[in-house]
**Q** 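My questions all concern the structure below.
All values below were derived from every heavy atom in this structure, side-chain atoms included, with hydrogens, water molecules and symmetry-related copies excluded.
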Amino acid sequence: SEISQKLKSITCFYLDRNGFLWMGTNGYGILKYDSRISLFKNLNVGSMYFMNTNRSDELIYVEFASRKFRSMALNTDKSTIRNIVPEKICDPNWYIGDATNIIEDNDGNYWTLIASNKLNDAINKSNCLLKYDTSNDKIYKYVESEVRNGYEYRRLFLDNDNQIWISATASDQSRKLLKFNKQTGKIETIETFSGETHFANYPFLSAAVQVPSGTMWFGTVRGLYSYN
């Protein structure tokens, strides 16, 4: 059936406070599931691979549809969807390239990653970290020089101290853990891991959490790592 086909393409989940299950798919948009009546509802079209929530408890994600990447926010109470970046001020850089996940920091600003293999000359064919500053409706771009040399940004994380962490992967499957320094505006390499082609299809960092002591824990395909 049509629903069965869509369920085979699920990429991410989110369970809201009302008990509704939201499912991101590859090519079929977002599915909403009401377990009380066993009903699926299709909200939109497109593909998304990661879901987060913002401070307003909206579901935020990067959607790929009509050959464009767009950063979206879904109000799960009203089932309404809006663009995070207003169209009137949107920089084309926000929508081009291989965008991945999006997060909101503690100041209400939004951050996303762009991978290098789809970028045009407007941003020098390099990976970049993009920030949408909601206080002045401007977009800022940050580039780390080493990532130009074969690395692509893959995942983005925010810790309890409002710091941005990034994972990157190279063509030889070596991985990097990076951190954005808000004071200097620079992206710094924290650690580099040698490549293993066995893990070629997996992002290096699949999960991250910071415990009360301040230690960061990273879940990877090679095990559990901690960083102080």
Side-chain angles (χ1 to χ4, degrees), residues 11-25 29-33 43-44 46-65 69-91 93-95 99-114 128-142 153-167 178-185 187 203 205-219 227:
T11 56
C12 47
F13 286 100
Y14 174 69
L15 183 67
D16 70 20
R17 58 191 174 192
N18 298 314
F20 295 115
L21 183 62
W22 302 83
M23 294 164 274
T25 70
I30 291 181
L31 296 175
K32 176 185 178 182
Y33 179 63
L43 264 71
N44 57 352
S47 301
M48 65 283 304
Y49 303 100
F50 304 100
M51 290 178 173
N52 293 305
T53 54
N54 61 14
R55 297 188 302 169
S56 300
D57 206 29
E58 292 177 304
L59 190 60
I60 58 175
Y61 57 93
V62 176
E63 174 188 86
F64 179 68
F69 288 90
R70 297 186 181 277
S71 303
M72 313 299 290
L74 167 65
N75 183 315
T76 57
D77 291 331
K78 300 178 180 179
S79 296
T80 55
I81 301 173
R82 66 177 178 87
N83 286 323
I84 290 175
V85 183
E87 293 285 351
K88 64 179 181 179
I89 61 96
C90 187
D91 187 311
N93 292 350
W94 189 268
Y95 285 151
T100 53
N101 55 323
I102 183 170
I103 61 174
E104 182 191 30
D105 66 19
N106 297 339
D107 301 315
N109 302 313
Y110 289 91
W111 301 78
T112 192
L113 297 173
I114 301 292
C128 61
L129 172 67
L130 294 178
K131 171 189 175 182
Y132 167 49
D133 191 325
T134 55
S135 67
N136 59 16
D137 271 349
K138 290 185 178 180
I139 293 175
Y140 299 88
K141 179 189 67 174
Y142 304 94
Y153 289 162
R154 291 297 181 90
R155 292 295 302 273
L156 184 64
F157 303 96
L158 181 74
D159 67 21
N160 298 336
D161 300 316
N162 208 31
Q163 301 299 308
I164 305 292
W165 296 79
I166 302 168
S167 69
L178 308 109
K179 187 177 182 180
F180 176 66
N181 188 320
K182 291 186 177 181
Q183 282 69 45
T184 64
I187 299 172
L205 296 178
S206 54
V209 67
Q210 186 180 33
V211 297
S213 66
T215 300
M216 288 292 296
W217 288 91
F218 298 99
Y227 177 80

**Q** On a heavy-atom basis, which atom in Asn106 and which in Arg55 lie closest, and how many Å separate them?
**A** O-NH1, 3.0 Å
**Q** For the CD1 atom of Ile139 and the OH atom of Tyr110, what is their distance to the nearest 0.5 Å?
**A**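 That separation rounds to 13.0 Å.
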**Q** Run the side chain to side chain donor-acceptor pair (under 3.5 Å) test against Thr184 and tell me which residues pass, sequence neighbours left out.
**A** none
**Q** Among all residues two or more places apart in sequence or in another chain, which pass the side chain to side chain donor-acceptor pair (under 3.5 Å) test with Asp16?
**A**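 By the side chain to side chain donor-acceptor pair (under 3.5 Å) rule, Asp16 matches Trp22.
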**Q** Under the rule for ring-ring contact (aromatic ring centres under 6.0 Å, His included), what residues qualify as partners of Tyr33, not counting sequence neighbours?
**A** Phe40
**Q** Nearest 0.5 Å, what's the CG-CG distance between Leu21 and Leu15?
**A** 6.0 Å
**Q** If the condition is ring-ring contact (aromatic ring centres under 6.0 Å, His included), which residues does Trp165 pass it with, not counting sequence neighbours?
**A**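 Testing Trp165 for ring-ring contact (aromatic ring centres under 6.0 Å, His included), a comparison that skips the adjacent residues, returns Phe218, Tyr227.
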**Q** Taking all non-hydrogen atoms of both residues, which atom of Gly24 and which atom of Met48 are closest, and how far apart?
**A** CA-SD, 3.6 Å
**Q** Nearest 0.5 Å please: distance from the CD1 atom of Ile166 over to the CZ atom of Arg155.
**A** 12.5 Å
**Q** Applying salt bridge (charged side-chain N to carboxylate O under 4.0 Å, His left out), can you list everything that pairs with Asp133, at least two apart in sequence or on another chain?
**A** Lys131
**Q** For the CD1 atom of Ile164 and the NZ atom of Lys179, what is their distance to the nearest 0.5 Å?
**A** 10.5 Å
**Q** Could you tell me the separation between the CG atom of Asn52 and the CZ atom of Phe157, rounded to the nearest 0.5 Å?
**A**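 Asn52 atom CG to Phe157 atom CZ measures 9.5 Å (nearest 0.5 Å).
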**Q** Under the criterion side-chain hydrogen bond (donor to acceptor under 3.5 Å, both in side chains), I'd like the reasoning laid out for Asn54 against Glu58: C-alpha separation, chi angles, the key distance, then a yes or no.
**A** CA-CA 6 Å; Asn54 61 14; Glu58 292 177 304; 2.8 Å; yes
**Q** With sequence neighbours excluded, what pairs up with Thr80 under the side chain to side chain donor-acceptor pair (under 3.5 Å) test?
**A** none
**Q** Return the minimal non-hydrogen interatomic distance between Ala73 and Ile60, and the atom names on each side.
**A**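 What the structure gives for the nearest pair is CB-CG2, 4.0 Å.
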**Q** With sequence neighbours left out, write down each residue that passes salt bridge (charged side-chain N to carboxylate O under 4.0 Å, His left out) with Arg17, or none if nothing qualifies.
**A** Asp57, Asp77
**Q** Please examine the side chains of Ile81 and Tyr61, heavy atoms only from C-beta on, and report whether any two atoms are closer than 4.5 Å.
**A** yes
**Q** Do Leu129 and Trp111 have side chains that get closer than 4.5 Å, going by heavy atoms?
**A** yes
**Q** Among all residues two or more places apart in sequence or in another chain, which pass the salt bridge (charged side-chain N to carboxylate O under 4.0 Å, His left out) test with Asp105?
**A**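 Applying salt bridge (charged side-chain N to carboxylate O under 4.0 Å, His left out) to Asp105 gives Lys182.
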**Q** In Å and rounded to the nearest 0.5 Å, what is the CG to NZ distance from Asn109 to Lys138?
**A**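 Taking CG in Asn109 and NZ in Lys138, the distance rounds to 13.5 Å.
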**Q** Picking from Met23, Met51, Glu63, what satisfies side-chain contact (heavy atoms from CB on, under 4.5 Å) with Ile30?
**A** Met51
**Q** Taking all non-hydrogen atoms of both residues into account, name the closest pair between Met216 and Ala208 and its distance.
**A**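 For Met216 and Ala208, the tightest heavy-atom pair comes out as CE-CB, 4.3 Å.
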**Q** Considering non-hydrogen atoms only, spot the tightest contact between Val62 and Ser71 and give its length.
**A**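 Result for this residue pair: CG2-OG, 4.3 Å.
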**Q** If only atom types and distance count, is the side chain of Asp159 paired as donor or acceptor with the main-chain N or O of Asp161 below 3.5 Å?
**A**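 Looks like yes, one N/O pair under 3.5 Å.
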**Q** What residues form a side chain to side chain donor-acceptor pair (under 3.5 Å) with Thr25, not counting sequence neighbours?
**A**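 By the side chain to side chain donor-acceptor pair (under 3.5 Å) rule, Thr25 matches no residue at all.
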**Q** Any idea which heavy atoms bring Thr76 and Tyr14 closest together, and the distance?
**A** CG2-CE2, 4.4 Å
